Amino acid sequence: MDEKELLERAGGPVTRSRLVRDLEALGVRRGDTIMVHTRMSAIGFVPGGTRTVIEALAEAVGNTGTLMAYCGWNDAPPYDLADWPEEWQRAARAEWPAYDPLLSEADHGVGRLPEALRQWPGAVRSRHPDAGCVAVGPAAHRLTDDHPWDDPHGPGSPLARLTEAGGRVLLLGAPLDTLTLLHHAEALAEAPGKRYVTYEQPITVDGKRVWRRFRDVDTETEAFDYGRAVPPGVWPFTVIAKDMLAAGFGRTGRVGAASSHLFEAPEVVRFGVDWIESRLGAPTAIAD
């Protein structure tokens, strides 16, 4: 989409002051701790791009507020590395750079804003290479420090801490299927057939590059067999989020040209866990 189309769709440039007004109208408040998912093209033409968006978000939450975004690692080894020919594996593993929270780029697949936030002054990034988050603000360390190596979407994760802190999630033009916090609900939910994955990635331990094995719920495909609760070809988070909005949870409004949603993190997790357990069936207790 070219600049003219972006300008026309938003009725002119989406400036910082316009973004702040729209964010406040949606319900963003001073002191909020907010996890942000953004689709820049949906907002319209933003003079200054990601810098303007981050500055507007920072102004909306104020000096006592904190911004967080999912990062991941753009250049992480693929999950199917173990399926490569042995010669290729040996060559790759011998020289693959270790994940570095300061240098490793955020996953390009999650949009431009996480990488821009990663480079923001005072940004703090969690240590997990695959499920890592970045945060800016007074709660940044509380959200990201000591990210668990295993079950990185579960207890003690940045997602768990966001929830415990009464944080919020903002989908700024991003589709409902990007509601990453629902992975925390998957990690907590008790339903049959929960799927886990293991994979290896290089990290630095005591100054040395080592390949560490990680274990997590399957966030790449699906953590559960959602087939009996979700139409074919639809990502389950889209259905769960739509049901949540229909039940009266979350606020919807327009920021620039973007249809946007603001959710309360504790409500997302409670609703997600209940939805999964009620539709996919809680495990049957085993009699003594």
Side-chain angles (χ1 to χ4, degrees), residues 16-40 43 46 48-73 100-107 110-128 131-148 152-153 156-174 178-181 183-184 250-251 255-256 258 260-269:
R16 171 176 168 169
S17 59
R18 179 177 172 184
L19 283 167
V20 172
R21 288 195 301 271
D22 289 351
L23 289 167
E24 291 175 342
L26 183 61
V28 176
R29 303 183 299 256
R30 299 290 189 274
D32 276 348
T33 296
I34 293 185
M35 184 174 190
V36 184
H37 302 271
T38 305
R39 177 170 287 178
M40 291 293 298
I43 301 172
V46 181
T50 54
R51 172 181 172 180
T52 296
V53 173
I54 293 173
E55 288 177 344
L57 288 163
E59 182 176 341
V61 301
N63 293 334
T64 58
T66 298
L67 304 175
M68 185 172 87
Y70 168 76
C71 257
W73 178 16
D100 187 328
L102 295 177
L103 298 178
S104 299
E105 290 185 38
D107 185 352
V110 297
R112 295 166 52 197
L113 189 131
E115 174 64 12
L117 193 65
R118 181 187 73 82
Q119 300 183 52
W120 205 256
V124 180
R125 187 179 185 181
S126 65
R127 68 181 184 177
H128 200 285
C133 293
V134 61
V136 173
H141 280 285
R142 293 197 300 274
L143 291 169
T144 60
D145 283 357
D146 300 319
H147 192 161
H153 293 91
S157 67
L159 300 182
R161 296 175 189 179
L162 175 77
T163 304
E164 292 160 2
R168 314 175 89 184
V169 180
L170 172 64
L171 303 186
L172 183 53
T178 63
L179 192 54
T180 303
L181 185 57
H183 284 314
H184 182 48
R251 304 179 62 165
V255 179
S260 301
H261 306 281
L262 183 65
F263 295 100
E264 306 299 325
E267 292 179 351
V268 171
V269 174

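Fair warning: this is a prediction, and the values are worked out from it, not measured in the lab.
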Heavy-atom side-chain contact between [X] and [Y] under 4.5 Å:
| X | Y | result |
| --- | --- | --- |
| L57 | L170 | yes |
| V255 | L19 | yes |
| M35 | L143 | no |
| V269 | L181 | yes |

Tell me every residue that passes side-chain contact (heavy atoms from CB on, under 4.5 Å) with E55, counting only those two or more places apart in sequence or in another chain.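 Expected list: R16, R51, W120.
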Just to verify, what does S17 make a side-chain contact (heavy atoms from CB on, under 4.5 Å) with, not counting sequence neighbours?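 If we apply the side-chain contact (heavy atoms from CB on, under 4.5 Å) test to S17, skipping adjacent residues, the hits are T15, R21.
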If you look at every heavy atom in [X] and [Y], which pair is closest and at what distance?
| X | Y | answer |
| --- | --- | --- |
| S157 | P152 | CB-O, 3.0 Å |
| G31 | T64 | CA-OG1, 3.3 Å |
| A69 | L117 | CB-CD2, 4.0 Å |
| V134 | A123 | CG2-CB, 4.0 Å |
| Y70 | C133 | CA-SG, 4.1 Å |
| V110 | D107 | CG2-O, 3.0 Å |

Interatomic spacing from [atom1] in [X] to [atom2] in [Y] - rounded to 0.5 Å:
| X | Y | atom1 | atom2 | answer |
| --- | --- | --- | --- | --- |
| I43 | L113 | CD1 | CG | 8.0 Å |
| L159 | E164 | CG | CD | 11.0 Å |
| L67 | I54 | CG | CD1 | 8.0 Å |
| L262 | D32 | CG | CG | 7.0 Å |
| E115 | S104 | CD | OG | 10.0 Å |

Stepwise side chain to side chain contact (heavy atoms under 4.5 Å, CB included) check, T66 with V61: CA-CA 7 Å; T66 298; V61 301; over 6 Å; no
N/O donor-acceptor pair under 3.5 Å between [X] side chain and [Y] backbone:
| X | Y | answer |
| --- | --- | --- |
| R118 | L102 | yes |
| T52 | T50 | no |
| R39 | G173 | no |
| R168 | T33 | no |
| D22 | G256 | yes |
| H37 | A174 | no |
| R161 | D145 | yes |
| R125 | P101 | yes |

Among H147, H184, H183, the one residue meeting ring-ring contact (aromatic ring centres under 6.0 Å, His included) with H153: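 For H153, the ring-ring contact (aromatic ring centres under 6.0 Å, His included) test succeeds with only one of H147, H184, H183, which is H183.
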Test side chain to side chain contact (heavy atoms under 4.5 Å, CB included) applied to V169 and L162, step by step: CA-CA 9 Å; V169 180; L162 175 77; 4.2 Å; yes
